[in-house]
Amino acid sequence: MRSTASTTTYVSARPRYGVFDVIGLLFRELALMIVIFLVLFAIGAGAVLTLKKTYTAGASLFVGAGQEYVYQPRVGLGDRQSSPPAPGEVAQAEANIIGSREVKLRAVRALGLEFFHKPGKVSTDPIARQEGDAIKAINDGLTISTTPQSAIIGLGFKSDDADRSARILNAILDQYLIYRREVFQDRSTSAIQSQRRVFEDELADVDAAYEAFLASNDIGDFASTRTALAAVYQSTLTEKLSVENQLNQATRRLQTLEAQQAGTPAEVTLQQDLNVSAQDQILQLRTEREQLLARYQPDSQPVQDIEARIAGLQAYVASGTTVGAKEVRLGPNPVWIELETTRITTRAERDSLAARLSSVNRQLAEILDRQAKMTREESENATLASNRDVLTANIRDFQQREAQSRADAGLVRAGADNVRVIERAAAPTRGTSLKLPLMALAFLFAGFTALCVGLLRVFTRRGLSTPAIVGRTLDMPVLAVAPMKAV
């Protein structure tokens, strides 16, 4: 410790400073602090003054969920598509495409490497390195902003030239639109066409096998033939039942006719002449009696004799022995002939029905055999037909996909996509500069550094600089202060 006495005594006590002690000691270092402040502030101000204004060009895009964001199965059609993602997710995906190195590289190549060189300077570096430097410059100035649940993408590019900012940002926009069409372009058209041709070749082989199968079994169309056989079988069975019924009726009718014919004589009396001479004599005698009555009285003898003769003949006729067959002619019985004709007709009908029934039974047997054969061949036909149907459906699906792929590619090439440029970049009229805040920052840094140097000088000084520090450090009052003699 340095004191006002004639001798100096050193102790190991740590100096204890008060606020005013520090302020007072800082004033002692004020000259040094001012010098340091001015030097640092001058350096910072010089660096800030060299900064140029920056111009930020802005653009915005609207991106919607197009077909490329919806899952579609590669094989087969139907309602197996996925729902589109949220607008914010689509915007984030498109923002990643905008920020991809490929888009930036294409923008660099579209503008030319000379565009990114400093005026009047020609670079001799390799092309790859020059392109890398240009991409780095784009990375430094490009900003891409998205908002959750929003389909709007905001773009900005900052540089020290307004036209340069607008041109670079527009080049990025143009190359992004071109590149995204290439990314989302459906390149499966040729593969679909090739697969369709493979299916067509397979279908030709299956068709040939199916036609050979039908020809070997004498079938035009399996389903139609089977349906026709079922219909023919049903009609033939109905005909068989009808013929059997008619045959039973004819047989029964023939039996009845034969029984009736057995009890009917084949010949009958056609004409029979009767002996009626006694009646004729009675009539003749009555005529004679009438003639006699014209000449005689009724009780005369001639009249009574004739009446006696008439009475005798009448009694003879009344005995029934006077009438008999005088002449009889026989002939065929018409009833028997009709029964015989009907019997012959019925027998012929029965034989015809029996022959018809035999033919129908043979037809039924053939139809049943044909149906049994088709039943045995049904599995092979089903396999071939199923292969044909599957291949035909696949060919139809792939034809539809091929047409859709070509149409989609044409629409994409024509610019029909889900991205719309809301606002293209235009050269900004106002620039922004950080000179004032940087100048303030340089001022604060210089002042802070000067203060730190002053404090360093204060706290690294050896000894106790003021009486207040001595009294506070030694915890005793200082009674007097005297200047120190030079040794």
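The chain is numbered in sequence order, starting from 1.
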Report the C-alpha separation of Ile152 and Phe62 in whole Å, then their side-chain angles, then the decisive distance to 0.1 Å, and conclude whether the side-chain contact (heavy atoms from CB on, under 4.5 Å) test is met. CA-CA 5 Å; Ile152 305 298; Phe62 171 81; 3.8 Å; yes
Drop me the distance from Gln246's CD to Ser352's OG, to the nearest 0.5 angstrom. 9.5 Å
Closest non-hydrogen contact found for Leu169 with Ala57 is CD2-O, 3.3 Å
Is the shortest side-chain heavy-atom distance between Leu177 and Val421 below 4.5 Å? yes
Residues at least two apart in sequence or cross-chain that pass side-chain contact (heavy atoms from CB on, under 4.5 Å) with Ser100, listed by chain then number, are Glu102, Val103, Tyr179
One thing to verify: whether Glu200 and Arg197 come together as a salt bridge, which I'm taking to mean a side-chain N less than 4.0 angstrom from a carboxylate O. no
Are the side chain of Ser165 and the backbone of Ser159 linked by a donor-acceptor contact shorter than 3.5 Å? yes
Leu247 and Arg350 have their tightest heavy-atom pair at CD1-O, 3.3 Å
Trace of the side-chain contact (heavy atoms from CB on, under 4.5 Å) decision for Arg164 with Phe115: CA-CA 9 Å; Arg164 180 187 181 89; Phe115 182 82; 3.8 Å; yes
So how far is it from Leu173 CG to Ile98 CD1, rounded to the nearest 0.5 Å? 7.0 Å
Determine whether a donor-acceptor pair (N or O, by modelled atom type, separation under 3.5 Å) exists between the side chain of Gln130 and the backbone of Asp125. yes
Under a 3.5 Å distance rule, please check whether Ser242 uses its side chain to pair with a backbone N or O of Thr238 as donor and acceptor. no
Audit row: Lys373, Asp369, salt bridge (charged side-chain N to carboxylate O under 4.0 Å, His left out) steps and yes/no: CA-CA 6 Å; Lys373 184 178 179 181; Asp369 182 68; over 6 Å; no
Judged by atom type as modelled, is there a donor-acceptor pair below 3.5 Å linking the side chain of Ser358 to the main-chain atoms of Ala354? no
Salt-bridge contact Asp174-Arg424 (side-chain N to carboxylate O under 4.0 Å): yes
side-chain hydrogen bond (donor to acceptor under 3.5 Å, both in side chains) partners of residues 142-153, not counting sequence neighbours, each pair once: Gln92-Thr146
Distance from Ile138 atom CD1 to Ile168 atom CD1, nearest 0.5 Å? 6.0 Å
How many angstroms lie between CG in Asp133 and CZ in Phe116, if you round to the nearest 0.5 Å? 11.0 Å
So, do Tyr176 and Glu94 sit near enough that their side-chain heavy atoms are less than 4.5 Å apart? yes
Quick one: do Arg167 and Asp163 make a salt bridge, cutoff under 4.0 Å? no
Could you walk me through whether Arg109 and Glu131 pass the side-chain contact (heavy atoms from CB on, under 4.5 Å) check? CA-CA 8 Å; Arg109 292 175 179 175; Glu131 290 179 345; 3.2 Å; yes
Report the distance from atom CZ of Phe41 to atom OG1 of Thr449, rounding to the nearest 0.5 Å. 13.0 Å
Rounded to the nearest 0.5 Å, what's the gap from CD1 on Ile337 to CD on Glu340? Could you check? 9.5 Å
Could you tell me whether the side chain of Lys104 reaches within less than 4.5 Å of the side chain of Gln175, counting heavy atoms only? no
Atom of Ile153, atom of Ala91 and distance for their closest heavy-atom approach: CD1-O, 3.3 Å
Checking Asn170 side chain against Ala425 main chain: does a donor-acceptor pair fall under 3.5 Å? yes
Is there a donor-acceptor pair under 3.5 Å between the side chain of Thr345 and the backbone N or O of Thr341? yes
State, yes or no, whether a side-chain contact exists between Ile422 and Leu61 at a heavy-atom distance under 4.5 Å. no
Donor-acceptor contact below 3.5 Å, side chain Asn245 vs main chain Leu241: no
Between Arg253 and Arg347 (side chain of the first, backbone of the second, donor and acceptor by atom type, cut-off under 3.5 Å), is there such a pair? no
For the side-chain contact (heavy atoms from CB on, under 4.5 Å) test, which of Leu254, Asp351, Thr256, Thr251 pairs with Thr346? Leu254
Taking Asn248 for the side chain and Glu244 for the main chain, is one N or O donor matched with an acceptor at less than 3.5 Å? yes
